[in-house]
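Take a look at the structure below.
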There are 2 protein chains.
Amino acid sequence: MADRRGEGDGVVTTPKTTADTPADVRERARAIPEAAVARLAVYLRVLSGMAEQGVTTISSEELAGAAGVNSAKLRKDLSYVGSYGTRGVGYDVEVLVSHIERILGLTRKHSVAVVGIGNLGHALANYGGFPSRGFPVAALFDIDPDLTGVPVGGIPVDHIDDITSVCSAREVSIGVIATPPQAAQAVCDRLVSAGVQCILNFAPVVLQVPDYVEVRKVDLAVEMQILSFHVARRADEAAGDVVNGVGVDGVVIRP
Amino acid sequence: MADRRGEGDGVVTTPKTTADTPADVRERARAIPEAAVARLAVYLRVLSGMAEQGVTTISSEELAGAAGVNSAKLRKDLSYVGSYGTRGVGYDVEVLVSHIERILGLTRKHSVAVVGIGNLGHALANYGGFPSRGFPVAALFDIDPDLTGVPVGGIPVDHIDDITSVCSAREVSIGVIATPPQAAQAVCDRLVSAGVQCILNFAPVVLQVPDYVEVRKVDLAVEMQILSFHVARRADEAAGDVVNGVGVDGVVIRP
DNA sequence: CCAACTTTGTGCAAGCGTTCACAAGCGGTA
DNA sequence: TACCGCTTGTGAACGCTTGCACAAAGTTGG
């Protein structure tokens, strides 16, 4: 499926028309909006699925439908990657996949370290989606000495005191924090001092990091509360449309 | 969106001072940008922590620092909630907490159902952050008959065939999908037919739902790929700063 | 009571991202 | 080769979000 790392270099499909020097790619990558990057990752997954099903060509309309966006946005997003479509026809699935992978930096392996082997840490260590997409889990850490040496998902757990040395040695480029909130900042600091520049944080805290470190946050409580907000808004609207809040507001809304 | 029915007639009087009728809250909630809602949830957590530490008053500058945003944005966000600060002083922590909770709909309990009791599902079922924040886990589901009846995190697992009846009976308002991608859409359809209008989706697929259903997606692979993009961009920039062109995949990481 | 100081709340302008609309380009056909 | 229909790629308009800067409002000290 998405195992085309390694390729891309020698291969260089980028043929005829567009010159596409590394400098171009660099310049282009710099300008891609964050939101578009997130969507590119989604397109990539959809395209991988298409490729598996034997689809070789796809139009922006089809791909947009499958990815849940409108086709204009999709084309604009793809235009950040380059012009690899054929007018009147659509996009070659394989070509598109390889170019998106290149832009997303998936031609290179990114070793991952997971810190905090609790419920979530276990789930992450065993999550098949990481290695199969070019993100091998190279190290696991926990503060509990009883866990040290115990293999989880095939990888032995190290003690968090060894984060710096182990991460440096194994060239970890992405750190995943799945610790309790109290420990998160300390763990983060160690990861940073080990040279890790990208962090995925599951702990419900705002991490303080140097400018050159990129942090992405996955906050379950926040997600739930956003949903809660929508539940409430919806309930309010319904209440406002039909009945209305008792006597407090005598406002009548007519549908 | 496109839910402006009802209004347009002589609705809502937008009173002078701070009367704050339910209609006002309704009107205000409707207007809060999605991005601001997400931040409000973060402010809420920070404020809760402050309250626990005995802090009673906080300025926008302090709170902004703790939440990792700039103070102007914070004040604008809070202004969506209402004007509950005291000029020259700051905000009363407790007051702010209660108003944000009200806006986010946290005064009401939202029962949660988790579908797919694999690694992630287990972690979610045992995650203490849910119940403690007003999101009691009321039901668990899996397709595996061997799991049915087995309690996980104190709640017995039901079979996914019973999603509709159980969710209706227990008034589940938020569904969490932690199944493999192939099963996600079917599970989603069942949740929707059970009346669930908010879904948190961990499966790496784009769910198709009716307009009135709100879906939030947590996609680990996408998060990793976004980080990968930044690693690559950084590497490219570093390479571009020093050498120009040449190497296809210049690595070079700089501190 | 006044003056000096602090901090909120917000109008406004700049910046991004999304959407629209259409010219340009390509394959197929006669 | 010339024409036709289809789909891409993108300039331009639009709308949402952010950040600035400052008046309004409150506190404190004399």
Side-chain angles (χ1 to χ4, degrees), chain A residues 14-18 20 24 27-43 47 55-93 95-96 99-100 103 226, chain B residues 1-4 14 16-18 20 24 28 30-40 42-43 47 55-93 95-96 99-100 103 226:
Chain A
T14 53
K16 54 282 165 178
T17 50
T18 39
D20 219 42
D24 292 337
E27 192 54 33
R28 200 175 290 142
R30 203 170 308 188
I32 303 183
E34 186 87 5
V37 173
R39 286 190 298 268
L40 283 173
V42 174
Y43 306 153
L47 286 167
V55 178
T56 59
T57 292
I58 193 170
S59 73
S60 65
E61 205 71 48
E62 293 173 283
L63 183 50
V69 301
N70 87 31
S71 67
K73 192 190 291 189
L74 178 125
R75 287 199 301 276
K76 177 79 79 175
D77 288 344
L78 291 183
S79 79
Y80 293 128
V81 175
S83 300
Y84 302 115
T86 306
R87 295 172 191 228
V89 178
Y91 300 89
D92 180 287
V93 175
V95 169
L96 210 45
H99 283 293
I100 295 179
I103 287 286
I226 295 173
Chain B
M1 19 220 111
D3 285 273
R4 310 217 132 261
T14 348
K16 33 292 162 184
T17 47
T18 38
D20 220 41
D24 292 336
R28 199 175 289 140
R30 204 171 305 186
I32 303 183
E34 185 87 6
V37 173
R39 287 190 297 266
L40 283 173
V42 174
Y43 305 153
L47 286 166
V55 178
T56 59
T57 292
I58 194 169
S59 72
S60 64
E61 204 71 48
E62 292 172 284
L63 183 50
V69 302
N70 89 29
S71 67
K73 193 191 294 188
L74 178 126
R75 288 199 300 277
K76 176 106 27 183
D77 288 344
L78 292 184
S79 79
Y80 293 128
V81 176
S83 299
Y84 303 114
T86 307
R87 297 176 188 224
V89 178
Y91 301 88
D92 180 287
V93 174
V95 169
L96 210 46
H99 282 293
I100 295 179
I103 288 285
I226 294 172

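Order of the sequence lines sets the chain letters (A, B, ...), proteins ahead of strands, with each chain counted from 1.
Boundaries of the chain A contact region on DNA chain D are D/dC6 to D/dA12, first to last in 5' to 3' order (nucleotide atom under 4.0 Å from a heavy atom).
Here the side chains of B/Arg75 and B/Tyr91 are in contact, with some heavy-atom distance below 4.5 Å. Counting only heavy atoms from C-beta outward, the side chains of A/Leu78 and A/Ile100 approach each other to under 4.5 Å. Side-chain contact check for B/Thr57 versus B/Thr86: every heavy-atom pair is 4.5 Å or farther apart.
The distance from atom CG of B/Asp77 to atom P of C/dG9 is 12 Å, rounded to the nearest whole Å. Summarising the geometry, the separation between CG on B/Leu74 and P on C/dT7 is reported as 14 Å, rounded to the nearest angstrom. Atom OH in B/Tyr80 sits about 11 Å away from atom C1' in C/dT10, given to the nearest Å. Rounded to an integer number of Å, the gap from CZ of B/Arg87 to C1' of C/dT7 is 9 Å. Atom P of nucleotide C/dT8 and atom CG of B/Asn70 are separated by 13 Å, given to the nearest angstrom. Look at OH on A/Tyr84: it is 18 Å from P on C/dG25, rounded to the nearest Å.
Nucleotides of DNA chain C nearest to A/Val89 and A/Arg39 differ in position, and the one nearer the 5' end is that of A/Arg39. Heavy-atom distances to DNA chain C give each of B/Gly88 and B/Ala72 a nearest nucleotide, and the one nearer the 5′ end belongs to B/Gly88. With the nearest nucleotide of DNA chain D identified for both A/Tyr91 and A/Lys76, A/Tyr91 has the one nearer the 5' end.
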Review item, side-chain donor-acceptor pairs of residues 32-41 of chain A, under 3.5 Å, at least two apart:
residue : atom : partner  : partner atom : Å
A/Glu34 : OE1  : B/His230 : NE2          : 3.2
A/Glu34 : OE2  : A/Arg216 : NH1          : 3.0
A/Glu34 : OE2  : B/His230 : NE2          : 3.3
A/Arg39 : NE   : A/Asp77  : OD2          : 2.6
A/Arg39 : NH2  : A/Asp77  : OD1          : 3.1
A/Arg39 : NH2  : A/Asp77  : OD2          : 3.4

Report task. List the steps, then state whether side chain to side chain contact (heavy atoms under 4.5 Å, CB included) holds for A/Val69 with A/Val42. Result -> CA-CA 10 Å; A/Val69 301; A/Val42 174; over 6 Å; no
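Heavy-atom minimum distance, A/Leu47 versus A/Val93: O-CG1, 3.6 Å. The heavy-atom pair separating A/Ser79 from A/Lys76 by the smallest distance is OG-O, 2.6 Å. Closest of all the heavy-atom pairs between B/Val89 and B/Ser59 is O-CB, 4.5 Å.
Annotation: proximity of residues 56-68 of chain A to DNA chain D (heavy atom, distance under 4.0 Å) is found for A/Ser59, A/Ser60, numbered in ascending order.
Residue A/Lys73 places its side chain closer to C/dT19 than to any other of C/dG9, C/dC26, C/dT19. The listed nucleotides are C/dT18, C/dC22, C/dT8; the one nearest the side chain of A/Arg75 is C/dC22. Relative to the side chain of B/Ser79, the nucleotides C/dC20, C/dT10, C/dG27 differ in distance, and C/dT10 lies closest.
Distance check, rounded to the nearest 0.5 Å: OH of B/Tyr84 to CG of B/Leu96 gives 9.5 Å.
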